[in-house]
Amino acid sequence: KNEVEQSPQNLTAQEGEFITINCSYSVGISALHWLQQHPGGGIVSLFMLSSGKKKHGRLIATINIQEKHSSLHITASHPRDSAVYICAVRTNYGGSQGNLIFGKGTKLSVKP
Amino acid sequence: KAGVTQTPRYLIKTRGQQVTLSCSPISGHRSVSWYQQTPGQGLQFLFEYFSETQRNKGNFPGRFSGRQFSNSRSEMNVSTLELGDSALYLCASSFDRAGIRETQYFGPGTRLLVL
């Protein structure tokens, strides 16, 4: 079982829909990151969370440390939101303290 | 401010050769991390440098090595290339303060093809 699991793997939405991408992890963490990767490879860091909730424009990220779960929400989705969204956790244990472990990503396609 | 730059952007090598990739972080950033991305394994952490010291290392064989210079520029080296080393290699920098890790900014990556 992967230490970081994302769901769904693929998501197709109509423009304007509210979108939720989920991330569950099984390791101890010091922070959780949400990344966006567009076709062509460029990666942008969207959020870094250690507790609670953060909002940036139409994007909202939440984390529940007790349940080891995070969600990324996109309100009023737009075709330009089409990308792969990747969850990553920074571990806080053992010899690998501070390493980043990545989920497999959620491929989002927003249709006009 | 210029972003993170990586050179070269594309590279073709043959098995057994070695390769050196370069990363120039955003001015003022002292932390540089390297990642490998493949279709099968996704993104995987290689190593992280802070002020010329390796702070963390991922689970990769010793053929993968890196270093950071006093100007924060970083290089990674892969010796004795294998077909499975074909990947997109990404570098990211951040302005970490006194042990507090901050947002990472990614470079465009170097796409390595091993034949």
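Side chains included, hydrogens not; waters and symmetry mates left out as well; all remaining heavy atoms used. The chains referred to below are lettered A, B, ... by the order of the sequence lines, with proteins before strands, and numbering in each begins at 1.
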Under a 4.5 Å side-chain heavy-atom rule over Ile, Leu, Val, Met, Phe, Trp and Tyr, are [X] and [Y] clustered together?
X: B:W34; Y: B:I26; value: no
X: A:M48; Y: A:I86; value: no
X: B:F47; Y: B:L21; value: yes
X: A:L46; Y: A:I74; value: yes
X: A:L49; Y: A:V4; value: yes

Heavy-atom closest contact ([X] atom, [Y] atom, distance):
X: A:F102; Y: B:L43; result: CD1-O, 3.3 Å
X: A:K104; Y: B:Q41; result: NZ-O, 3.2 Å
X: A:N99; Y: B:G58; result: ND2-CA, 4.1 Å

Can you list, pair by pair, the side-chain donor-acceptor contacts under 3.5 Å of residues 59-67 of chain A, counting residues two or more places apart and other chains?
residue: A:N64; atom: OD1; partner: A:Q66; partner atom: N; Å: 3.1
residue: A:N64; atom: OD1; partner: A:E67; partner atom: N; Å: 2.9

Heavy-atom contact with chain A under 4.5 Å, split by part of B:Q44: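 Contact with chain A: backbone only.
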Count the heavy atoms belonging to other residues, nucleotides or ligands that lie under 6.0 Å from [atom1] of [X], then report whether that count exceeds 12.
X: B:R9; atom1: CZ; answer: yes
X: B:N59; atom1: CG; answer: no
X: A:K68; atom1: NZ; answer: yes

Among residues 104-115 of chain B, which ones touch chain A with a heavy-atom distance under 4.5 Å?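 Only B:Q104, B:F106 of residues 104-115 of chain B have a heavy atom under 4.5 Å from chain A.
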From CZ (B:F45) to OG1 (A:T91), nearest 0.5 Å: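 That separation rounds to 8.5 Å.
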Between OH of B:Y35 and CG of A:L100, what distance do you get to the nearest 0.5 Å?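 The CG atom of A:L100 is 4.0 Å from OH of B:Y35, to the nearest 0.5 Å.
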